[in-house]
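Worksheet: one structure, shown below.
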Protein chains: 2
Amino acid sequence: MSITSDLIRGHTETIIMANLYNRDSYGYEINKAIQEASEGQYELKEATLYGAFRRLEGNGYIISYWGNETTGARRRYYHITDEGKIFFESSCKEWEKAKNLIDTLIKTGGKGNE
Amino acid sequence: MSITSDLIRGHTETIIMANLYNRDSYGYEINKAIQEASEGQYELKEATLYGAFRRLEGNGYIISYWGNETTGARRRYYHITDEGKIFFESSCKEWEKAKNLIDTLIKTGGKGNE
DNA sequence: GCATATACCTCGCCTGTCAATGTATATATT
DNA sequence: AATATATACATTGACAGGCGAGGTATATGC
């Protein structure tokens with residue numbers, strides 16, 4: 001992956017929630033989806049991923065249950081709650097604000113500013 | 001300030017460098033400039049600001065010197081080095097990439113994704 | 001005398017990330 | 001039968017950036 005995770009830090013939870021918004025999913029699948037969507041530029045480390053799940057569930061934004069796979073490795077599925085949807089939507093708005101703010105603050109340099 | 005600093009985390013150094021790109025400045029002034037540019041939405045905490053200066057100087061991206069104020073509090077000025085300018089420009093490119101990536105990863109949810 | 005603004009600095013804590021490590025099942029290859 | 005690879009989950013300990021709280025010092029206004 002080519003993107004520094006320092007820059008993504010703080011958005012991990014939002015990215016995960018985006019992947020749970022329309023359907024239940026599980027860790028491994030979500031991470032694969034992120035890798036594909038980013039065309040290999042980014043992936044979550046497992047410790048980061050599962051740590052985020054723990055926080056999100058602790059906050060009531062997702063709930064988890066074991067899938068009933070009859071074959072292969074077991075999967076822990078996550079389901080977004082109503083509170084989780086609200087959280088996701090407000091996170092998106094925060095991101096829009098932060099994005100514009102950073103753009104503003106960075107463009108102070110390079111051109112004008114004298 | 002209304003923006004969560006978690007979302008700005010990782011961009012502190014870039015924001016500071018933007019404020020040093022065209023002219024030398026000092027901590028207090030840079031922070032005021034950030035507050036004004038963000039219309040009060042954001043400010044750096046002093047511990048964060050001075051910690052970032054230390055890192056940037058340690059990496060050779062800025063150099064510092066004491067101003068020769070004859071009155072008022074003393075000021076430590078910072079000057080961006082050539083390496084610092086290169087660092088800033090590459091940080092801006094990183095930000096553009098990260099911005100697009102986060103947009104992509106967040107827009108997975110909310111609409112399509114089934 | 002006291003508050004406020006300017007201006008700098010540091011210590012210790014908190015939190016998110018990550019490398020390393022471990023568990024377990026299934027399939028393909030040798 | 002042994003080995004490698006992919007799927008899938010989980011934890012531990014360390015690290016780094018950010019921050020609250022505290023400290024120092026000068027100048028101005030009330």
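Letters A, B, ... mirror the listed sequences (proteins, then strands); counts begin at 1.
At the heavy-atom level, B:Gly51 lies nowhere under 4.0 Å from the strands shown. Across all strands shown, A:Glu46 has heavy atoms under 4.0 Å from base atoms, whether or not it also approaches the sugar-phosphate. B:Thr71 comes within 4.0 angstrom of the backbone, heavy atoms only, and of no base.
Within a 6.0 Å sphere centred on CD of A:Glu69, heavy atoms belonging to other residues, nucleotides or ligands number more than 12.
In the model, B:Glu89 has a side-chain atom that pairs as donor or acceptor with a side-chain atom of B:Tyr21 under 3.5 Å.
The CG-P distance, from B:Asn31 to C:dA7, rounds to 12 Å in whole Å. At whole-Å resolution of the value, CZ in A:Arg55 and P in C:dT15 are 10 Å apart. D:dG20 atom P lies 14 Å from atom CG of B:Leu49, rounded to whole Å. The nearest whole Å value for the distance from the CZ atom in B:Arg54 to the C1' atom in D:dC19 is 13 Å. Straight-line distance from the OH atom of B:Tyr26 to the C1' atom of C:dA5: 12 Å, rounded to whole Å. Here the P atom of nucleotide D:dG18 and the CZ atom of A:Arg9 are 9 Å apart, to the nearest Å. The OH-P distance, from A:Tyr50 to C:dT23, rounds to 17 Å in whole Å. Spacing between atom NZ of A:Lys45 and atom C1' of D:dC9 amounts to 18 Å, rounded to whole angstrom units.
Phosphate proximity of C:dT23 to A:Arg74: absent, as no side-chain N or O sits under 4.0 Å from OP1 or OP2. Look at A:Thr12 and you won't find any side-chain N or O under 4.0 angstrom from OP1 or OP2 of C:dG16. Taking side-chain N and O atoms only, A:Thr48 has a distance below 4.0 Å to OP1 or OP2 of C:dC18.
Qualifying side chain to side chain contact (heavy atoms under 4.5 Å, CB included) partners for A:Ser90, counting only residues two or more places apart in sequence or in other chains: none. Partners of B:Asp103 by salt bridge (Lys or Arg N to Asp or Glu O under 4.0 Å), not counting sequence neighbours, listed by chain and number: A:Lys99, B:Lys107.
With distances taken from any side-chain atom of A:Tyr28 to the nucleotides D:dC19, C:dT17, D:dA8, the minimum falls on D:dA8. In the set D:dC19, C:dT17, C:dA7, the nucleotide with an atom closest to the side chain of B:Ala73 is C:dA7. Checking C:dC11, C:dA7, D:dG18 against every side-chain atom of B:Ala47, the shortest atom distance belongs to C:dC11.
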Next on the checklist: Show, in sequence, the C-alpha distance, side-chain angles and deciding distance for A:Arg55 and A:Glu13, and conclude whether the salt bridge (charged side-chain N to carboxylate O under 4.0 Å, His left out) test is met.
Outcome noted: CA-CA 9 Å; A:Arg55 284 196 304 277; A:Glu13 297 182 6; 2.6 Å; yes

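DNA chain D is contacted by both A:Asp6 and A:Phe53; A:Phe53 maps to the nucleotide lying nearer its 5′ end (nearest heavy atom per residue).
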